[in-house]
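Lettering of chains follows the sequences in order, A, B, ..., and the numbering in each one begins at 1.
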Protein chains: 2
Amino acid sequence: MSASLPLRQDTVHLHCRSPIGVPVEGWLALGVAAMRPRNAEIFAEGDKAAKIYRVVSGAVRITKLLCDGRRQIAGFYLPGEFFALEGGAVHRFSAEAIVDTTLQAFSRRALHERAETDRGLSEQLWSLAGANLERAQEHMLLLGRKTASERIASFLLDMAARSEVGDEVALPMSRQDIADFLGLTIETVSRTLTQLEREGTIALPNPRKVVLKNRRRLLAMEE
Amino acid sequence: MSASLPLRQDTVHLHCRSPIGVPVEGWLALGVAAMRPRNAEIFAEGDKAAKIYRVVSGAVRITKLLCDGRRQIAGFYLPGEFFALEGGAVHRFSAEAIVDTTLQAFSRRALHERAETDRGLSEQLWSLAGANLERAQEHMLLLGRKTASERIASFLLDMAARSEVGDEVALPMSRQDIADFLGLTIETVSRTLTQLEREGTIALPNPRKVVLKNRRRLLAMEE
DNA sequence: CGATCGATTGAACGCTCTCAATCGCAGTGG
DNA sequence: CCACTGCGATTGAGAGCGTTCAATCGATCG
């Protein structure tokens, strides 16, 4: 169980005042910091859903399981991104740290109470939730209709757009995670990446780092 | 373009007062009725997203296209269900009537303004949005990890749960729609349904109606 | 140096797709 | 009343993409 999430629990004090002294994004200061080691559970399917999370550092995966063990990863979350914004009283998927990860946890109830008087906060919450649904729909298109190489190309471009520092993209997750995210097997992921490397489209200095050598080509094969 | 959606536009007056005269679900009366004929567009990818919709009668599909024409249906919406609750200023998918359909359209801005003073409404909107995301995540599992017959079984059980009148389930959508929803081809959908019929698991009085003869079997094959 | 674990590579299989023909029903016109 | 047409659905045969099973590689760590 992940009932007592915070391994370390400190109120986070960010530089959250504008030059003229008005609180800006002040609600971010409501977050409670928590650290989770690699592969640790953040919450499980069936847990009470009382919090919203923001990744500070590290990476998170949202997963669903079939009873025979087949796994689908519904999404990855990178630093700065929010997850578990919405839903009923209970989580319908589980969340795990991919690597050692720092999180901020926000009480859903507190946030919604505050949103009643803070129009901006309310809009931000809806915007964040909307981004998550949009991403889910985009991913359905990938899972339902794209070929293996199109999936890999889309994945690499998406990761690059989200974490970009030049053309080097860090992949915090394993090949198995990528496969379970893209609806492929680990072998197909590996083969496709190798082929992209042989073509000169990407370089793979090591399994957790990709260098995009030819974005145009990736964009073309993304379809 | 679907900028001027309402073909017919009348304020809907529902029986929206409780026995003791207190407005219940009063915001449903804010809806503007619209009718769309079979295959008509409700909104398109790129349209300004100003409204939230509720299906009154008929059925709606949410679709996304790849540039070469491959199509993914992200969801079907049946009477009583809401769609397009969230997202940015612009729709990232299109919505079409599957059959002649009656809708209620709600101004997103009006609803959110009202939600500022109506805690119940705010909670309902979040709950509806959460249900949509949850359904999307469940569908990713189907698209990424289930076999053709598991997909069909899940689909039939889901449709039955949502529209149930006994064991007869109406399928307002074509085989092509089902295929594009389940990430299969029309031929595979047809073959799988035929096989279920031969097994005695279902009956197909006509292509748009399924009778569930053996739910246990469907549940077992859903995995 | 051996053990372990993730990643890569190879070979063969099989599920689903592709291509194509046929069916069945509804609508239309002779 | 019956051919003709059109369209969605069904059925068949063969091919291909991704999977499965299995061996090997390579880096990390005792």
K.L.:
In whole Å, what is the span from the CD atom of Q176(A) to the C1' atom of dT19(D)?
P.N.:
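These atoms are roughly 13 Å apart.
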K.L.:
Provide, to the nearest angstrom, the distance between the CG atom belonging to D180(A) and the P atom belonging to dT19(D).
P.N.:
11 Å
K.L.:
Do you see a donor-acceptor pair shorter than 3.5 Å between the side chains of T201(A) and K213(A)?
P.N.:
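T201(A) vs K213(A): no donor-acceptor pair found between side chains.
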K.L.:
If you take all heavy atoms of F82(A) and I52(A), which pair is closest and at what distance?
P.N.:
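Closest approach of F82(A) to I52(A): CD2-CG2, 4.1 Å.
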K.L.:
Once you round it to whole Å, what is the distance between P of dG12(D) and CD of Q195(B)?
P.N.:
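Roughly 13 Å, once rounded to whole Å.
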K.L.:
Establish, with yes or no, whether the OP1 or OP2 oxygen of dT16(C) is under 4.0 angstrom from a side-chain nitrogen or oxygen of T188(B).
P.N.:
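No, no such contact exists.
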K.L.:
Take the protein atom CE of M173(B) and the nucleotide atom P of dA9(D), then report the distance between them rounded to whole Å.
P.N.:
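Distance check: M173(B) CE to dA9(D) P gives 11 Å.
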K.L.:
Below 4.0 angstrom from OP1 or OP2 of dA9(D), is there any side-chain N or O of S190(B)?
P.N.:
no
K.L.:
Just how far, in rounded Å, is C1' of dA7(C) from NZ of K209(A)?
P.N.:
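Value for this atom pair: 18 Å.
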K.L.:
So, is T185(A) close to the dT19(D) phosphate, meaning a side-chain N or O under 4.0 Å from OP1 or OP2?
P.N.:
yes
K.L.:
So does R208(B) get a side-chain nitrogen or oxygen closer than 4.0 Å to the phosphate oxygens (OP1/OP2) of dA9(D)?
P.N.:
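Answer is yes, contact under 4.0 Å.
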K.L.:
Distance check needed: dT19(D) P versus I186(A) CD1, whole Å only.
P.N.:
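Atom-to-atom, I186(A) to dT19(D), this comes out as 12 Å.
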K.L.:
Is the closest side-chain donor-acceptor distance between S149(B) and T192(B) under 3.5 Å?
P.N.:
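No, T192(B) and S149(B) have no side-chain donor paired with an acceptor closer than 3.5 Å.
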K.L.:
Indicate the atoms forming the closest heavy-atom contact of V169(B) with S163(B), along with that distance.
P.N.:
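Scanning both residues completely, I find the closest heavy atoms to be CG1-OG, 3.9 Å.
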K.L.:
Grab the CZ-P distance between R145(A) and dT16(C) for me, whole Å please.
P.N.:
13 Å
K.L.:
Using OP1 and OP2 only, check whether a side-chain N or O of R191(A) sits under 4.0 Å from dG18(D).
P.N.:
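Indeed not, no polar side-chain atom of R191(A) lies that close.
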K.L.:
Taking only the side-chain heavy atoms of L184(B) (C-beta and beyond), determine which of dT8(C), dT10(D), dT16(C) contains the nearest atom.
P.N.:
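Between dT8(C), dT10(D), dT16(C), the one nearest the side chain of L184(B) would be dT16(C).
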K.L.:
Measure the distance from CG on N206(B) to C1' on dA26(C) and round it to the nearest whole Å.
P.N.:
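That distance rounds to 13 Å.
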K.L.:
Could you check whether Y53(B) and F43(B) have their ring centres less than 6.0 Å apart?
P.N.:
yes
K.L.:
Looking at the base of dC19(C), is there any donor atom on it, or on the side chain of E187(B), that sits under 3.5 Å from an acceptor on the other one?
P.N.:
yes
